[in-house]
Q: 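Next up is a structure, given as structure tokens.
Every chain is numbered from 1 and lettered A, B, ... according to where its sequence line falls, protein lines coming before strand lines.
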Number of protein chains: 2
Amino acid sequence: MSTVHLVDDDEAIRDALSWLLRSRGIASRSWPSAEAFLADYDSEMRGCLVLDIRMEAMSGPELFDRLRALGCRMPTLFLTGHGDIPQAVAALKNGAFDFIEKPCHDNRLADRVQEALALDTELSRREASRLTVRERVHSLTGREREVMDAILAGKLNKVIAAELNIAMRTVEVHRARVFEKMGVKSAVELAQALALAGREE
Amino acid sequence: MSTVHLVDDDEAIRDALSWLLRSRGIASRSWPSAEAFLADYDSEMRGCLVLDIRMEAMSGPELFDRLRALGCRMPTLFLTGHGDIPQAVAALKNGAFDFIEKPCHDNRLADRVQEALALDTELSRREASRLTVRERVHSLTGREREVMDAILAGKLNKVIAAELNIAMRTVEVHRARVFEKMGVKSAVELAQALALAGREE
DNA sequence: GCCGCCATTGTGGATTTCCGCAACCCCGGG
DNA sequence: CCCGGGGTTGCGGAAATCCACAATGGCGGC
């Protein structure tokens with residue numbers, strides 16, 4: 001699953017890199033162009049990206065932007081032979097994981113790739129738990145969501161009842177169902193679950 | 001308060017930049033060397049840093065590292081005449097706000113400076129609230145902290161009492177004092193206050 | 001030795017929360 | 001027309017929280 005996705009139009013480089021990675025026990029797959037990769041891209045892909053900056057037709061940064069637009073969040077390393085500073089700055093500020101000049105020490109590159117893979121693993125874990133919470137929130141009915149918001153605002157059931165113009169008993173029922181659907185046992189856990197899932201990107 | 005702190009060993013550049021900023025209504029102050037700035041540095045300073053990369057004696061990045069070690073978190077823009085990519089990459093990965101080559105469009109630089117100032121304002125706000133929470137936590141006695149942790153773990157008073165081998169009444173007292181000292185009225189608010197202050201850096 | 005802070009506990013009552021049991025209304029499908 | 005889901009409500013009781021009032025003991029500092 002955790003794979004290095006290599007996009008470079010120079011076959012010699014693709015081969016050299018995939019060999020280097022294999023020697024470290026890292027799986028990789030290569031594409032000769034941005035277009036080719038886009039055609040194969042699947043949001044389930046896990047691992048990291050290693051993109052050449054200059055390629056015929058679509059460039060590495062452009063591919064990166066397209067992938068981001070598609071929701072891809074894999075850590076991305078850019079490789080360049082003749083890059084300039086604005087390019088590097090733009091890439092990093094756009095969220096690239098690294099920007100490396102060719103040629104470079106094999107070890108340095110492989111190390112960074114490994115860090116990128118580790119980061120992806122971590123990000124995937126967080127993304128998964130965030131997704132779980134989102135799904136659960138989505139499974140709530142409208143009324144339940146209203147009640148949940150009020151609970152998170154620290155309001156007492158009686159206050160919530162007054163605000164929504166319903167009986168306290170009804171609030172209790174919604175409250176119980178919110179806890180049940182969200183998989184928590186108390187308001188504190190609910191707050192923490194949402195805080196963890198909502199923030200910290 | 002919000003001031004641009006300019007460090008460059010070229011007086012002409014210092015003058016040009018401070019003039020440019022003044023024309024935008026932005027206050028600035030200049031230093032001719034990293035050492036001079038360090039001597040004046042005060043952790044209360046607010047605003048952003050604009051550092052020249054290459055200077056006699058201490059370089060911009062080195063100054064940046066020293067300041068970080070001192071707790072300075074002001075957004076930092078690096079200016080360079082002859083920088084290379086690894087330098088730019090290293091600076092940004094170290095948390096620099098931007099890395100700009102001289103010469104550059106005045107507008108571009110001034111715009112970025114303004115963004116940096118805005119970021120500092122936002123960071124200062126968050127830092128302040130985080131500090132408040134930390135102080136409050138610090139004002140808790142040992143027992144109160146233990147009880148607070150248990151509350152955040154969603155435990156019932158009776159359970160907490162059993163774990164700490166004390167009467168439930170005592171837990172209630174601690175609980176009340178925790179809420180009071182932390183400035184919240186419910187466990188939910190407590191959880192949220194800590195979640196906001198602890199995470200999201 | 002007295003004072004203040006911290007930790008501790010008890011009593012008793014007002015308030016809230018949590019729940020099982022039972023219902024009713026409305027509405028969109030099959 | 002019956003069924004299911006969503007929203008609603010009542011009753012009543014067990015359990016928990018919240019609090020005012022009251023009090024004891026230890027410990028470090030003046």
Q: Between A:Asn157 and C:dT16, does any side-chain N or O lie under 4.0 Å from OP1 or OP2?
A: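 Result: no.
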Q: Side chain of A:Val173: nearest nucleotide among C:dA7, D:dT17, D:dT9?
A: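 Of the options given, the side chain of A:Val173 lies nearest D:dT9.
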Q: Please report, rounded to the nearest Å, how far the P atom of C:dT15 is from the CD atom of A:Glu172.
A: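 Those two atoms, CD and P, are 16 Å apart.
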Q: When you measure from the side-chain N and O atoms of A:Thr170 to the phosphate of D:dT9, is any distance below 4.0 Å, counting only OP1 and OP2?
A: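 Yes, such a contact exists.
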Q: Write down the distance between NZ (B:Lys158) and P (C:dT17), rounded to a whole number of angstrom.
A: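 Those two atoms, NZ and P, are 19 Å apart.
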Q: Where the side chain of A:Glu144 is concerned, which of C:dT16, C:dT11, D:dG7 is the nearest nucleotide?
A: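 The closest nucleotide is D:dG7.
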Q: Which of these nucleotides, D:dT17, D:dT9, C:dG10, is closest to any side-chain atom of B:Ala167?
A: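 The listed nucleotide nearest to B:Ala167's side chain is C:dG10.
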Q: Would you kindly give the CG-to-C1' distance between A:Leu164 and D:dG6, to the nearest whole Å?
A: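 Going from A:Leu164 (CG) to D:dG6 (C1'), I get 15 Å.
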Q: Please report the interatomic distance CE(B:Met45) to CG(B:Leu67), rounded to the nearest 0.5 Å.
A: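 Result: 9.0 Å between the selected atoms.
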Q: Does any residue of residues 181-189 of chain A have a heavy atom under 4.0 Å from DNA chain D, and if so, which ones, in number order?
A: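 Those residues: none at all.
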Q: Taking NZ, NE, NH1 and NH2 as the nitrogens, is one of them in B:Asp52 or B:Lys102 under 4.0 Å from a carboxylate oxygen of the other?
A: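 Salt bridge flag = yes for B:Lys102 with B:Asp52.
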Q: How many whole angstroms separate atom NZ of A:Lys155 from atom P of C:dT17?
A: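 Atom-to-atom, A:Lys155 to C:dT17, this comes out as 14 Å.
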Q: For the pair made of CZ in B:Arg143 and P in D:dG26, what is the distance, rounded to whole Å?
A: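 Whole-Å distance recorded here is 16 Å.
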Q: Is A:Thr141 touching bases, backbone alone, or none of the nucleic acid, heavy atoms closer than 4.0 Å?
A: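 Touches sugar-phosphate only.
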Q: So does B:Arg112 have more than 12 non-hydrogen atoms from other groups sitting under 6.0 Å from CZ?
A: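 Atom CZ in B:Arg112 is packed in, count exceeds 12.
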Q: With a cut-off of less than 4.0 Å, is there a side-chain N or O of B:His174 near OP1 or OP2 of C:dC6?
A: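 It does not, given that no N or O in the side chain of B:His174 lies less than 4.0 Å from OP1 or OP2 of C:dC6.
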Q: Going by the side chain to side chain donor-acceptor pair (under 3.5 Å) test, which pairs reach into residues 145-155 of chain A, not counting sequence neighbours?
A: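 Passing the test, one end in residues 145-155 of chain A: A:Arg143-A:Glu146, A:Lys155-A:Glu163.
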Q: Establish, from distance only, whether the side-chain atoms of B:Arg22 and B:Ser28 form a donor-acceptor pair under 3.5 Å.
A: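 Their side chains do not contain a donor-acceptor pair, so the 3.5 Å distance test is not met.
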Q: Any carboxylate oxygen within less than 4.0 angstrom of a Lys/Arg side-chain nitrogen, looking at B:Arg14 and B:Asp9?
A: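 Salt bridge: no.
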Q: Do the ring planes of B:Phe78 and B:Phe99 sit parallel (below 30°), tilted (30 to 60°) or perpendicular (above 60°)?
A: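 Judged by the thresholds at 30° and 60°, the geometry between B:Phe78 and B:Phe99 is tilted.
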Q: Between A:Ile160 (CD1) and D:dT8 (P), how many Å, whole number?
A: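 The distance from CD1 of A:Ile160 to P of D:dT8 comes to 13 Å, rounded to the nearest Å.
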Q: Using whole Å, what does the distance between atom C1' of nucleotide C:dG10 and atom CE of B:Met168 come to?
A: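 These atoms are roughly 12 Å apart.
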Q: Within the 4.0 Å heavy-atom criterion, would you say A:Arg169 contacts the bases, only the backbone, or no part of the nucleic acid?
A: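 Result for A:Arg169 = base.
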Q: Nearest whole angstrom, please: distance from the C1' of C:dC18 to the CD1 of A:Ile151.
A: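 For the pair A:Ile151 CD1 and C:dC18 C1', the rounded distance is 12 Å.
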Q: Here's a test of your reading of the structure: between B:Val171 and A:Leu156, which maps to the more 5' nucleotide of DNA chain C?
A: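 It is B:Val171 whose nearest nucleotide is closer to the 5' end.
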